[in-house]
Amino acid sequence: MTLVRVRFAPSPTGYLHVGNARTALFTWLYARAQKGAFILRIEDTDRERSKEEYVEGICRDLRWLGIDWDEGPDVGGPHGPYRQSERLGIYREHVDKLFALGMAYYCFCTPEELEARRKLALEAGRDPKYDGRCRDLSPEQIEKRKAEGRTASVRFKVSGETVAVDDIVYRTMTFDTSLIGDFVIVKSDGMPTYHFAVVVDDALMEITHVIRGEGHISNTPLHVLLFKALGYDLPRFAHMAHTLGADGGKLSKRHGACSIAEYREMGYLPEAIANYIALLGWSPRKDTDIFSLDEGISIFDVKDLGKASSRFDKAKLDFIGGHYIREADLDRLVDLAIPFLTKTGYIREDEDVDRAKIKAIVDAVRSRLSHMGQIADEARVFFEAPALDADGKAALADGDARKVLAAAGQMLEADSVESLIASVKAIQKETGVKGKLLYIPLRIALTGEDHGPELDLIAPILGTEECRRRVLSAQDG
Ligand code: GLU
C-alpha cells in the first residue's frame with residue numbers, strides 16, 4: 001500500500017486565517033489518520049507579495065494550533081527544498097522537458113497587448129482566451145524579438161482534450177480544455193506560475209492526495225494536463241467546500257473571523273480554535289461538538305467532507321472557547337492572564353506579581369470567559385472601586401438595602417467580624433432581611449453590579465479592609 005503523502009502549500013502573502021488554517025488542519029488530520037506524511041511547502045513564487053515575516057507567522061501559527069509537519073522548510077526532508085523560490089533549477093529542467101516535447105513555447109505578447117485583445121474578443125462576443133499568436137513563431141522570429149529586448153513568458157500548449165477528474169468530495173467532474181487557452185507556465189520575470197510549480201512539486205514530492213479549497217477546482221484540469229505532459233502519475237484530488245460568513249457572504253473580519261495570530265493575541269486557547277475550525281464542514285460526533293485533535297485523528301476521513309459550504313459562527317466559537325477555559329489548568333490561565341492585566345495597569349510592571357491573588361481572580365471569573373482577553377473587564381471589580389450608576393444608587397436607596405449596608409458597615413468598622421462573608425448571618429439576624437434582598441445590596445456595594453461572580457468568591461479576594469471601604473462608600477451614596 002502506498003503511504004499517504006499530503007501537503008499544505010500556503011503562499012506567504014499574508015498570515016494564516018480561518019480558511020487556510022482549516023485546509024491545513026483537515027489535510028493534517030488526514031495524514032495522521034492514515035499514518036502518512038504531512039508536508040509543508042512554501043509557495044513563494046510571487047516575489048512582490050511573499051514575505052519572510054509571513055513564512056515565520058504561518059509556521060508559528062500552525063504549531064500553536066498543534067499541527068506539526070514531517071517535511072518542510074525548517075525541518076528538511078528527502079524531497080526538499082521545500083520553498084519554491086529555492087527550486088527554480090528544478091522547474092527549469094521541467095520547462096526544458098516540455099520544450100523538447102514540443103509542448104511549450106515562448107510568448108512575447110505584453111500584458112497591454114493581451115488586455116487589448118481580450119477586450120476586443122469580449123466586445124465581439126468571442127472567447128477571450130489566449131489566441132495562440134506566439135504558438136508557431138519560427139526560431140528566427142524568436143531571436144528577433146529577443147534581440148529587440150522583448151521579454152518572454154513560456155506558455156503550455158493546451159491540447160483541447162476533455163479531462164475527467166474523480167474528486168473525492170465533488171465526485172467526477174469533466175472539463176473541456178479547448179475552452180482554456182495556452183496558459184503561462186513561466187512568467188516573464190523567469191518565475192514559474194502557480195500552476196506549473198504546484199504540479200512539478202506535487203509530482204516530485206510524491207503527493208498522493210491534493211487537498212485544498214474549492215476555489216482551485218477550475219485550476220485542476222490545467223494541472224492534470226501538466227501532470228500528463230510531464231509523464232507523472234496523477235494524485236487524487238479532494239476539494240473542500242468553502243466556509244462562508246454567517247450571512248452567506250465571503251468570510252471576513254466583519255463576521256468575527258480573524259487571523260490565527262489575532263485569536264492567539266485575544267487569548268483564545270489553541271485547542272479551542274483547532275476544535276472549532278475542525279467543525280467547519282465536518283461533524284464527527286453526534287453527541288457533542290467538543291473533541292481533541294487526537295480524537296479527531298482517530299475518526300477523520302477526507303470522504304466525510306461535504307460539498308455544502310459551512311458557515312462561520314462566532315457564538316459557537318465563543319462557546320467552545322469557554323469550554324476549554326473552564327477545563328484548562330489554572331496556572332496556565334494565570335500565565336495567560338498576567339499580560340492582559342499588566343496591559344490595563346492592574347498589575348504594575350514594577351511590582352512583584354501577587355500570583356495567589358491573580359489565581360483566585362482567574363478562578364472566580366473563568367466561567368465567564370471565552371478567551372483570556374476578557375479577563376481585564378471581568379477582573380476590573382478586583383482592582384477598581386465601583387462607580388455606582390443611577391440604577392445602582394436607586395437599588396441601594398431602598399429601605400432594606402440601607403439597613404443591610406448599615407449593619408454590614410457597622411460590623412466591619414467595629415472589627416466585630418472576620419470578613420464580610422462571616423458577617424452575612426449576623427446581618428440577616430439583625431435586619432431580618434434575607435436571600436436576594438440581602439445579597440444584592442452587598443454585591444452592588446462591592447462591584448457596582450447586580451450580577452457577576454458569587455459574593456463568596458469576590459469578598460475574600462478583595463479582603464476585609466477593601467470590603468469595608470466599599471460598603472462605607474456605597475452608604476455615603
Ligand atoms: N499556494 C496555493 C494557495 O495558497 C496552494 C493551492 C494548492 O493547494 O494547490 O492557494
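Computed from a prediction, not measured in an experiment: that's the story for all the values here. In each ligand, atom 1 is the first atom listed, and ligand 1 is the first ligand listed.
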* Give a yes or no on whether the ring-centroid distance for Y324 and Y268 is below 6.0 angstrom. =>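 No, the ring of Y324 stays outside the 6.0 Å limit from the ring of Y268, centre to centre.
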* To do: Below 4.0 Å from any atom of ligand 1, which residues have a heavy atom? Give them in chain and number order, please.
  => R7, A9, S11, E43, Y194, V198, R212, H216
* Among Y194, F156, F237, find the one that has a ring-ring contact (aromatic ring centres under 6.0 Å, His included) with H223. => Y194
* Asked: Less than 4.0 Å between a side-chain N and a carboxylate O, is that true for R92 and D96?
  -> yes
* Using a strict cut-off of less than 4.0 Å between a Lys/Arg side-chain nitrogen and an Asp/Glu carboxylate oxygen, indicate whether R32 and D294 qualify as a salt bridge. =>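 Salt bridge absent between R32 and D294.
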* Side-chain donor-acceptor contact under 3.5 Å, T243 with S310 -> yes
* Asked: Can you list the steps and then say if F300 with L305 is a side-chain contact (heavy atoms from CB on, under 4.5 Å)?
  -> CA-CA 9 Å; F300 183 73; L305 297 176; 4.2 Å; yes
